[in-house]
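Working notes for the structure below.
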Amino acid sequence: MSTGQTDRDPLDELDDEQCTAVCAPRGPVCVLAGAGTGKTRAITRRIAQLIRTGHVAPGQVLAVTFTARAAGEMRTRLRDLGIAGVQARTFHAAALRQLRYFWPQVVGDQPWPLLEHKLRLVGQAAQRAGAGAGADELRDFAGEIEWAKASLVTAADYPAAVAAARRATPVPAAQVAGVYAAYEELKNRNRMLDFDDLLLHTVAALEEHSAVAQEFRDRYRCFVVDEYQDVTPLQQRMLDAWLGARDDLTVVGDANQTIYSFAGATPRFLLEFTRRFPDAVTVRLHRDYRSTPQVVSLANRMISAAAGRPAGARLELTGQQPPGPRPSFAEHDDEPAEANAVAEAITELLRHGTPAAEIAVLYRVNAQSEAYERALDAQEIPFQVRGGERFFHRPEVRAAIRGLRAAATGYSPRPHTGGSATALSGTVRAVLARQGLTTQPPAGSAARSRWESLRALAELADDLADSTPDADLRRLVAELDARADAAHPPAVQGVTLASLHSAKGLEWDAVFLVGLVDGTLPIQYAEGDQAALEEERRLLYVGITRARRRLALSWALSRSERGRPRRRSRFLHGLVPQDDPPARLR
């Protein structure tokens, strides 16, 4: 059988640890791969080596990962090695392909169509369950249903499961369970599948039909799982169904980069791999080929302070790049000053030849982007917002401004004792309360994202009231309109603005980590939950390890000039050089 091989040796240009992973005998292999250590190179070379040495044919290999981009990268690298025929797919794409093939012999009729957008059906289920049906509520219900299915939790078991997981729910758990049960009933009645059903039904086909399992296992003999720290219990169950009694499995992951627990991901399967497979070969990739030793050192120091790190997460990176500048730390009086300083630093990088596409500004929540959009616009620096819309283009922001504009039509300040600033701030918060602004952040993730945008608008009103004591609601609306009109999307690729979650898997020459204050990173609602706090720390670790050469960390002591004081993130304790105090810009 031809494999389309070239003469390129899979062992070329590998370090000792990568070579150990590539040459490990057929069977269970666990690769603990730190950020920038060449994990994709190692696993694709391992696949090529197994094929070249005759252990497996290309068509017998199934490699799975979490994004289409990562799967495409694996296919490209295998093609460059002269290997054709390996299946490299996301979990869901692999399940869809298998389910379509096996459906006639398992069910017997035409495959049920895929429900691409579930919110309409969730809305119908919410009405049946007597629950709220607002856009944010429906997104939160959908998120809880997805978490439950990924965690192998039924509607009946949902209340007990969230209590055991100490998971905050957007509404009482019994109400979510009611919506979940109604959603499943409606979906099945309409003979449709959602994305999680692709995995659930594939698992059922393999577990309950021996002929299906045998045919599948005759086809695929060797399995590779990338980003194994992010698997959910449902994905692990599908992997177990694929394997059966076999153990020809290579997994690659880094427990220090687990940042999707809210969606059901758990590093437990990675950390317990050798308990399940006592004879497994374990390889630690620690040589970081992405970042300078200075960036790597900071990442090591930050993550080493994590509480309760299991042995499998104690992976200290060793930087392999030439030395670069030390990471910088900057403290500012307020957020506008921080954003302006970042924009000025980016201007200098551009002037000295760093391409705009090789620069990123990373923050914890999407609502933080507005200050940086404004500062970059002022410097005429092109940028793109990754994983979301520009601040003034977001639906909740546009709806809130419409509400403020309507209120401004008949606006007349009431008698008060606190001055015009107090009147304006109070009026704005009263209007935004009707849009969903509350004194405390809500529990649901969709509602919380909306809340963060509304709070940012309220804080913009506070800033205007502080700087212009006689400002009224009409003046605020005019100011917001002017900001929105100035926010024109760039025509060319530019600096990346992104949340830390959406930056996972990416890298840039220069990275600015901004807004590093307690209450934002770690996020306010992680307080009192040690597991949630440690996930926030890992999120900062992911941000640090995105930088190849230049890394700048900054925070502001208040939101605005006269705002409430804040303190820098607790995660920076012991990292800011004592003999080199942070820069201050006023």
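Side-chain atoms are counted along with the backbone in the values below, which use heavy atoms only and exclude waters and symmetry mates.
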Quick note, salt bridge (charged side-chain N to carboxylate O under 4.0 Å, His left out) partners involving residues 165-175, not counting sequence neighbours, are Glu144-Arg167
May I have the step-by-step check of side-chain contact (heavy atoms from CB on, under 4.5 Å) for Asp197 and Lys149, ending in yes or no? CA-CA 8 Å; Asp197 290 332; Lys149 296 175 84 166; 2.9 Å; yes
Are any non-hydrogen side-chain atoms of Met192 and Leu114 less than 4.5 angstrom apart? no
Holding to salt bridge (Lys or Arg N to Asp or Glu O under 4.0 Å), I want the full list of residues that pass it with Asp518, two or more places apart in sequence or in another chain. Arg567, Arg570
Listed by chain and number, what are the salt bridge (Lys or Arg N to Asp or Glu O under 4.0 Å) partners of Asp226, not counting sequence neighbours? Lys39
Determine, stepwise, if the pair Thr250 / Arg46 fulfils side-chain hydrogen bond (donor to acceptor under 3.5 Å, both in side chains). CA-CA 9 Å; Thr250 299; Arg46 173 164 174 75; 2.8 Å; yes
Applying side-chain hydrogen bond (donor to acceptor under 3.5 Å, both in side chains) to Asn366 and Ser369, what does each step give before you reach the verdict? CA-CA 6 Å; Asn366 286 323; Ser369 74; over 6 Å; no
Check: Glu185 and Arg128 side chains under 4.5 Å, non-hydrogen atoms: yes
Residues in side chain to side chain donor-acceptor pair (under 3.5 Å) with Lys504, at least two apart? Glu227
Can you sort out the partners of Glu536 under side chain to side chain contact (heavy atoms under 4.5 Å, CB included), two or more places apart, ordered by chain and number? Arg364, Leu521, Pro522, Ile523, Ala526, Leu539, Phe571
Below 3.5 Å, can you tabulate the donor-acceptor pairs from side chains in residues 85-97 to any protein atom, sequence neighbours excluded?
residue : atom : partner : partner atom : Å
Gln87   : OE1  : Arg89   : NE           : 2.8
Gln87   : OE1  : Arg89   : NH2          : 2.9
Thr90   : OG1  : Ala93   : N            : 3.0

Look at the side chain of Glu137 and the backbone N and O of Gly134, then say whether any donor-acceptor pair between them is shorter than 3.5 Å. yes
Using ring-ring contact (aromatic ring centres under 6.0 Å, His included) as the criterion, list what pairs up with Phe269, not counting sequence neighbours. none
So Tyr220 and Trp242, side-chain contact (heavy atoms from CB on, under 4.5 Å) or not? Walk me through it. CA-CA 8 Å; Tyr220 293 107; Trp242 285 344; over 6 Å; no
So which pairs with a foot in residues 101-135 pass ring-ring contact (aromatic ring centres under 6.0 Å, His included), sequence neighbours left out? Trp103-Trp112
Take Arg217 and Arg246 through the test side-chain contact (heavy atoms from CB on, under 4.5 Å) and record every step on the way to the result. CA-CA 9 Å; Arg217 292 167 190 161; Arg246 300 168 300 173; 3.1 Å; yes
Okay, side chain of Ser151, backbone of Val153: is any donor-acceptor separation there less than 3.5 Å? no
State the OG-CZ distance between Ser502 and Arg386, to the nearest 0.5 angstrom. 6.5 Å
Glu535 and Ser261: side-chain donor and acceptor closer than 3.5 Å? yes
Mind telling me whether Phe262 and His501 have parallel, tilted or perpendicular rings, with 30° and 60° as the class edges? perpendicular
Are Glu215 and Gln105 packed together at the side-chain level, in the sense that at least one heavy-atom pair is separated by less than 4.5 angstrom? yes
If you draw a 6.0 Å radius around CZ in Arg26, do more than 12 non-hydrogen atoms from other residues or ligands fall strictly inside? yes
Val176 and Val171: side-chain contact (heavy atoms from CB on, under 4.5 Å), yes or no, with the steps? CA-CA 7 Å; Val176 177; Val171 298; 3.5 Å; yes
Could you pull out all residues at least two apart from Tyr541 that satisfy ring-ring contact (aromatic ring centres under 6.0 Å, His included)? none
For a 4.5 angstrom cut-off between non-hydrogen side-chain atoms, does Leu206 reach Val212? yes
Give the intermediate values and the outcome of side-chain hydrogen bond (donor to acceptor under 3.5 Å, both in side chains) for residues Tyr183 and Asp194. CA-CA 11 Å; Tyr183 168 78; Asp194 64 20; 2.8 Å; yes
Asn188 and Glu184 side chains, donor-acceptor separation under 3.5 Å: no
Which donor-acceptor pairs under 3.5 Å do side chains of residues 272-283 form with protein atoms, sequence neighbours excluded?
residue : atom : partner : partner atom : Å
Arg276  : NH1  : Asp240  : OD1          : 2.7
Arg276  : NH2  : Asp240  : OD1          : 3.0

Within the distance-only criterion (no hydrogens, no angle test), does the side chain of Tyr363 pair as donor or acceptor with the backbone N or O of Tyr372 below 3.5 angstrom? no
Ring-plane angle category for Tyr158 and Tyr180, please: parallel below 30°, perpendicular beyond 60°, tilted otherwise. perpendicular
List in chain and number order the residues that pass salt bridge (Lys or Arg N to Asp or Glu O under 4.0 Å) with Arg219, two or more places apart in sequence or in another chain; answer none if no residue qualifies. none
With sequence neighbours excluded, what pairs up with Arg402 under the side chain to side chain donor-acceptor pair (under 3.5 Å) test? none
Quick check against the 3.5 Å criterion: does Arg546 have a side-chain atom that pairs as donor or acceptor with the backbone of Leu506? yes
Do Ile51 and Val56 make a side-chain contact, defined as non-hydrogen atoms from C-beta onward lying under 4.5 Å apart? yes
